[in-house]
Asks: 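Here it is: the structure, laid out below.
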Number of protein chains: 2
Amino acid sequence: MKLSSKGRYGLKAMCELAKHYGEGALSLPYIAGETFLSEKYLEQLLSVLKKDDLIDATRGASGGYFLKRPPEEISVGEILRSLENGLEIVDCLSGDCKNKSTCQTYGVWAKLYGAINKCLDGISLKELVEGE
Amino acid sequence: MKLSSKGRYGLKAMCELAKHYGEGALSLPYIAGETFLSEKYLEQLLSVLKKDDLIDATRGASGGYFLKRPPEEISVGEILRSLENGLEIVDCLSGDCKNKSTCQTYGVWAKLYGAINKCLDGISLKELVEGE
DNA sequence: TTAATCCCTATCAAATTTCTAGGTATTATC
DNA sequence: GATAATACCTAGAAATTTGATAGGGATTAA
């Protein structure tokens, strides 16, 4: 059970944006430089985060990306659910599992899913960039 | 972030063993039949669980597999750590990450790792087969 | 001796993830 | 108005991981 690179790298990119919150937009080349990611790869991560309304962007010369809300109002849970396309650790949590009622292990996944979300929703982006 | 089939199926096999705890060994073909898994695949899962001392086996005719401890003394955490080869959701939790001190996101993974283990260690195999 | 069982390890196939690449649309600035 | 800097979109190559199959060996109750 591993978090994907998308999640790990995307969270770092979000930290970078948080660090400069309020200073206007950061360009893709700049963020790529700070996070040591290729521009093309980072671009895809940012597009996911934008689709999920966590960041926004302005186009054209001197454009770039920026957080849509202040860092203290964005949780790590939101960010990872966006990048990982949900944190359901087993498929029966997403789709409608018809054996839910008789399945001996369903309860485990439900509890674990709850614990993961509770943990991650309790950490704000601000905490990360301010070192707790 | 998905749990592997190994984890899901292996836990089901453990439930089967728990259901018959104290009744002697269950053969591979029997467990395979109950869990709807191929014998050859299930065999690999059981070999992992055996290596990690959660189950034991007797060979030869009328041999089979059985829990090494009573179901109430085996946690789901132990089982999944065995099958998943650890529950470290990122590699820096296992190996020695040299950037631990400066990494902005390390704290997140550490907290999450703790939450996952705490949750799963709090559920015993007995609870699963007795329906809470 | 036989048949039923666990044990070991190699390998194939499929799926997923990671990353690269090329081109398009937009816009501030000169 | 031209230019250069930017974000946006989509296809797909490459690498890795996962899931599953297969064959043969060792052990032991009957």
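The sequence lines fix the lettering, A, B, ..., with proteins before strands; numbering per chain opens at 1. Worth saying up front: this structure is predicted, and the values here are computed from it rather than measured.
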Asks: Taking any heavy-atom pair under 4.0 Å as a contact, classify B:Leu26: base, sugar-phosphate, or nothing.
Replies: sugar-phosphate

Asks: Indicate the atoms forming the closest heavy-atom contact of B:Gly10 with B:Leu45, along with that distance.
Replies: N-CD1, 3.8 Å

Asks: Does any part of the side chain of B:Val90, heavy atoms only, come nearer than 4.5 Å to the side chain of A:Lys2, both counted from C-beta?
Replies: no

Asks: Across the strands shown, which category fits B:Lys51 at heavy-atom distances under 4.0 angstrom: base, sugar-phosphate, nothing?
Replies: nothing

Asks: Is a donor-acceptor pair below 3.5 Å formed from side chain B:Gln44 to base C:dT9, judging by atom type as modelled?
Replies: no

Asks: Is A:Cys103 close to B:Lys12 at the side-chain level, that is, under 4.5 Å between some pair of heavy atoms?
Replies: yes

Asks: So which of residues 1-14 of chain B are in contact with DNA chain C, with a heavy-atom cut-off of under 4.0 Å?
Replies: none

Asks: Is the closest basic N to carboxylate O distance between B:Arg69 and B:Asp53 below 4.0 Å?
Replies: no

Asks: State yes or no: do A:Tyr9 and A:Leu83 share one hydrophobic cluster built from I, L, V, M, F, W and Y residues joined by side-chain heavy-atom distances below 4.5 Å, directly or via other members?
Replies: yes

Asks: Separation of A:Leu45 atom CG from D:dC9 atom C1', in whole Å?
Replies: 15 Å

Asks: In this structure, would B:Ile123 and A:Ile89 fall into the same cluster of hydrophobic residues linked by side-chain contacts under 4.5 Å?
Replies: yes

Asks: So, does A:Glu127 use its side chain to make a donor-acceptor pair with the main chain of A:Ser124 at under 3.5 Å?
Replies: yes

Asks: Do A:Leu87 and A:Val48 share a hydrophobic cluster, counting only Ile, Leu, Val, Met, Phe, Trp and Tyr and linking them when any side-chain heavy atoms are less than 4.5 Å apart?
Replies: no

Asks: Over all strands shown, is B:Ser47 touching base, sugar-phosphate only, or nothing at heavy-atom distances under 4.0 angstrom?
Replies: nothing

Asks: Could you check how far CG of B:Leu49 sits from C1' of C:dC6, rounded to whole Å?
Replies: 15 Å

Asks: Quick one: pull up CD1 in A:Ile116 and CG in A:Asp121 and give me the separation to the nearest 0.5 Å.
Replies: 11.5 Å

Asks: Has B:Glu84 got a side-chain atom pairing as donor or acceptor with A:Met1's backbone, closer than 3.5 angstrom?
Replies: yes

Asks: Using a cut-off of strictly less than 4.0 Å between a heavy atom of the residue and any atom of DNA chain D, enumerate the qualifying residues of residues 33-43 of chain B by number.
Replies: B:Ser38, B:Lys40, B:Tyr41

Asks: Without decimals, in angstroms, what is the distance between A:Asn85 CG and C:dT18 P?
Replies: 13 Å

Asks: In plain terms, say whether A:Arg81 and A:Glu78 are close enough for a salt bridge, that is, a side-chain N and a carboxylate O under 4.0 Å apart.
Replies: no

Asks: A:Phe66 CZ to D:dT6 C1': how many Å, rounded?
Replies: 14 Å

Asks: Looking only at side-chain atoms of A:Arg59, point me to the closest of D:dA22, C:dC19, C:dT26.
Replies: C:dT26

Asks: Taking only nitrogen or oxygen atoms into account, show me every contact under 3.5 Å that the protein makes with nucleotides 2-5 of chain D, one pair per line with its distance.
Replies:
residue: D:dA5; atom: N3; partner: A:Ala61; partner atom: N; Å: 3.4

